[in-house]
Amino acid sequence: MSDPPGIAWFVVGDDAAAVVVVACDAEGRELSRERVDVAAWPDAVRRRAADETASARWVWSDTPRWDDPLAAAGVRVARCHDLRLCHAILRDTELIPEAPALRAHTEWDAAAPVDPPVAQALFDWDDGAVVRGVPHGIDDALAEFARQRAAIASASDAGRLRLLCAAESAGALIAVELRAAGLPWDVDAHERLLVETLGSRPLAGGRPARLASLAEDIRSALGDPKANPDSPPQLLRSLHRVGLAVESTSRWELREVEHPVIAPLLEYKKLARLFSANGWAWLGEWVHDRRFRPVYVPAGVVTGRWASSGGGALQIPRMLRRAVRADPGWLLVTADVAQLEPRVLAAMAGDLQLADAARGGDLYEGIVDAGAVGSRAEAKVALLGAMYGATTGDSGRLLPGLRRAYPRAMGLVDEAARTGERGGVVHTWLGRTSAPPGDRWGVVQAAAAEPDASRADVDRARRQGADRGRFTRNFVVQGTAAEWALAWLGDLRARLAAFEPVGDDEAAAASGILFARVPHLAFFLHDELIVHTPARCAEQVAQAVQDAADAATRLLFGGFPLDFRLDVKIGPTAEKE
DNA sequence: TGATTGTGCGCG
DNA sequence: AAAGCGCGCACAATCA
């Protein structure tokens, strides 16, 4: 069937054993309705993606639930509206003065469903196998969508919330596609690295050769044949026995001590970490068919940053980057933003002096040139301290200089901290709002306000207030940086979609596999992304990455005179430096 | 025995 | 080198 003109939204949901697609105009009025078989869902989307209704936005309960089958079938939608993610934003935002009606609909409050990353489960539509938190029925979707549209319309700045919902939803699509594409992984290179650094692979349950010999060195240096470097309490006792006055076994404390055991112990800790976190077991569990496929969890962090689940995608050690390798004939375009959060702070605060410091490329050098601090290292620690709420040490000492030079930027984070200390909430540039303090917060503060409050009560309340102030201080910057990154990703996704598929491999084309012939996002981590691209497109992709960053900056901050500098590299691996 | 908590360290 | 934000994961210790 052909769709009537004027379609702005396709709202989808279940109805008995079928999927219902409801086409709506820009005001949300229903124009047409179609029922399709569950198995025909990807085809129903594919049909519409080809015609003029491709600009419409798909509205659905939860992106993985609807988009996983699309990704598997090689179908991509241009835009969506994720009701679950947008519900969370609109429910809490400060930009809507009256409590919106959707706050009563707690069935939409479900957290991101965390599925075991079992391939079959991803495509299982039976709720018996996959527990999804939110409702998926078509009537639920239509009703919630109406509530969300009303909520946005009632906002003090509807434009920002629309932008945030669009960016959040684009991120949800990208998260599904990142997993579908996977990060190209060179298993041989990884295994070579393991053997070079750890020694040969243990046969059964034991330590790799080099780790075992280091453990022996540690035991002999301690004169303790039973010392166990894997157990912090036991190790601490062993260290005490040889007269080392340390309070923990952490690296930073051990580094300060002089003793023959320290060198092998620090080396052991480093290698043991590689062995347990990214050793052979990790490789066997997480890398299949030359791809590492973590589960990305959009908005999984309170600030709106993404979290990940499985495989530790947020913590791939730098030394393993050489194992990230493009397919033959393909390249990786790796890009990260230089000093994203300080730049975001400058733009939010409208701090022209700080923006000026960023102009040369290295924002920290710019701060030195401005005379606010003496060295690049100082500039970095001072600025991080300002955004994290440091009070002591080098960072605390350098803050006054920073405050004098950049009163607007510092004023913004200081004000966010004061609001948090009072128990208030703060919001990001686009309106994502921090959750209010929990019940315990009020109890503790009230106890400290009593006339007969003890010293301990007062201290606890003050400490709690300070903790919360540091959280809200950082929330506004980290959360807005996450918004910039979403805008960057979303814009880039659209640019990559415009690339012509390369090659004429009919088998690849017919297989329907997403991304087999086009540049695609392969990794994302807060301020960094990797695109896997046919080699011949790499330069164009690098340009698209830069253009997307510029577009994101304009989208969020309009004409504010600040550019977000990228470090873009093209190569067969994702190694930095 | 299995579930929870704490430690340490990787990432931004 | 750890002060000061946000995470996930592995392992050992501890609790039930």
Side-chain angles (χ1 to χ4, degrees), chain A residues 114 205 207 228-237 246-257 265-266 268-279 281-282 285-286 294-321 336-342 344-345 377-378 380-399 413-414 416-417 420 426 428 434-435 463 466-482 484-485 523-529 574 576:
Chain A
V114 178
R207 293 184 173 111
N228 177 10
D230 289 328
S231 164
Q234 288 178 44
L235 179 60
L236 193 59
R237 284 194 290 273
V246 288
E247 288 183 18
S248 77
T249 64
S250 58
R251 197 182 51 198
W252 59 265
E253 200 172 348
L254 294 178
R255 264 202 296 235
E256 296 304 288
V257 182
L265 184 51
L266 292 180
Y268 179 90
K269 280 170 162 284
K270 185 179 165 189
L271 299 191
R273 165 84 194 178
L274 175 65
F275 176 53
S276 77
N278 297 99
W282 180 89
E285 184 175 356
W286 290 104
V295 177
Y296 294 90
V297 185
V301 178
V302 285
T303 57
R305 272 186 173 182
W306 288 14
S308 78
S309 162
L314 276 58
Q315 42 194 128
I316 298 172
R318 298 182 85 86
M319 68 184 308
L320 268 187
R321 293 232 162 201
D336 64 79
V337 193
Q339 304 110 23
L340 174 58
E341 292 190 355
V344 159
L345 173 57
E378 285 185 339
K380 183 173 180 175
V381 76
L383 203 46
L384 289 177
M387 292 188 299
Y388 293 166
T391 53
T392 61
D394 287 347
S395 184
R397 183 171 52 76
L398 294 164
L399 280 181
V413 285
D414 288 344
V426 295
T428 59
S434 63
R463 194 164 51 245
D467 287 349
R468 200 173 158 73
R470 286 193 305 277
F471 167 67
T472 51
R473 169 190 294 271
N474 186 246
F475 181 96
V476 294
V477 180
Q478 187 183 115
T480 302
W484 185 93
F523 188 70
F524 168 62
L525 180 57
H526 308 322
D527 63 353
E528 169 190 11
L529 57 80
K576 291 185 169 180

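Computed from a predicted model, the values in this text were never measured in an experiment.
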(request) Give a yes or no on whether a salt bridge exists between R305(A) and E341(A), defined as a side-chain N under 4.0 angstrom from a carboxylate O. (result)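 Salt bridge present between R305(A) and E341(A).
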
(request) Before accepting this row, confirm whether a basic side-chain N of the pair R321(A)/E528(A) lies closer than 4.0 Å to the acidic partner's carboxylate O. (result)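 Yes, R321(A) and E528(A) are salt-bridged.
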
(request) With DNA chain C as reference, determine whether M387(A) or A307(A) sits nearer its 5' end, using the nearest nucleotide of each. (result) M387(A)

(message) As an exercise, state the distance from CG of L235(A) to CG of L265(A), rounded to the nearest 0.5 Å.
(response)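 Result: 5.5 Å between the selected atoms.
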
(request) Could you tell me which non-hydrogen atom of L254(A) sits nearest to which non-hydrogen atom of V246(A), and how far apart they are? (result) CD2-CG1, 4.4 Å

(message) Tell me the closest heavy-atom pair linking L399(A) and A386(A), and the distance in Å.
(response) CD2-CB, 3.6 Å

Reckon [X] touches a base, only the sugar-phosphate, or nothing at all at heavy-atom distances under 4.0 Å?
{"X": "F471(A)", "answer": "sugar-phosphate"}
{"X": "E253(A)", "answer": "sugar-phosphate"}
{"X": "G311(A)", "answer": "sugar-phosphate"}
{"X": "V477(A)", "answer": "nothing"}
{"X": "D230(A)", "answer": "sugar-phosphate"}
{"X": "G312(A)", "answer": "sugar-phosphate"}

(message) Between S231(A) and dA13(C), is there a contact of a side-chain N or O with OP1 or OP2 at under 4.0 Å?
(response) yes

(request) Check whether any side-chain nitrogen or oxygen of T392(A) sits under 4.0 Å from OP1 or OP2 of dA3(C), and answer yes or no. (result)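 Result: no.
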
(message) Under 3.5 Å, is there a donor on one side chain and an acceptor on the other for R207(A) and Y268(A)?
(response)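 R207(A) vs Y268(A): donor-acceptor pair found between side chains.
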
(message) If you only use heavy atoms from C-beta on, which nucleotide in dA10(C), dC5(C), dA13(C) is closest to the side chain of S276(A)?
(response)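 My answer, after comparing the listed nucleotides, is dA10(C).
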
Without decimals, in angstroms, what is the distance between [X] [atom1] and [N] [atom2]?
{"X": "F524(A)", "N": "dC7(C)", "atom1": "CZ", "atom2": "P", "value": "15 Å"}
{"X": "E285(A)", "N": "dC9(C)", "atom1": "CD", "atom2": "C1'", "value": "11 Å"}
{"X": "L235(A)", "N": "dA13(C)", "atom1": "CG", "atom2": "P", "value": "11 Å"}
{"X": "K380(A)", "N": "dA1(C)", "atom1": "NZ", "atom2": "C1'", "value": "14 Å"}
{"X": "L274(A)", "N": "dC11(C)", "atom1": "CG", "atom2": "C1'", "value": "16 Å"}
{"X": "D467(A)", "N": "dG6(C)", "atom1": "CG", "atom2": "C1'", "value": "14 Å"}
{"X": "F275(A)", "N": "dA10(C)", "atom1": "CZ", "atom2": "C1'", "value": "12 Å"}

(request) Spell out protein contact along nucleotides 1-12 of chain B as letters: B when the base is contacted, S when just the sugar-phosphate is, - when no protein heavy atom is under 4.0 Å; keep the 5' to 3' order. (result) -------BBBBB

(message) Partner lookup for dG8(C), please. Criteria are Watson-Crick or G-U wobble with both distances under 3.5 angstrom; report none if nothing qualifies.
(response) dC9(B)

(request) Decide yes or no for L314(A) and W306(A): does some side-chain heavy atom of the first lie under 4.5 Å from some side-chain heavy atom of the second? (result)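 Contact flag for L314(A)/W306(A) side chains = no.
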
(message) Rounding to an integer number of angstrom, what distance separates dG4(C) and dG12(B) when you compare their P atoms?
(response) 22 Å

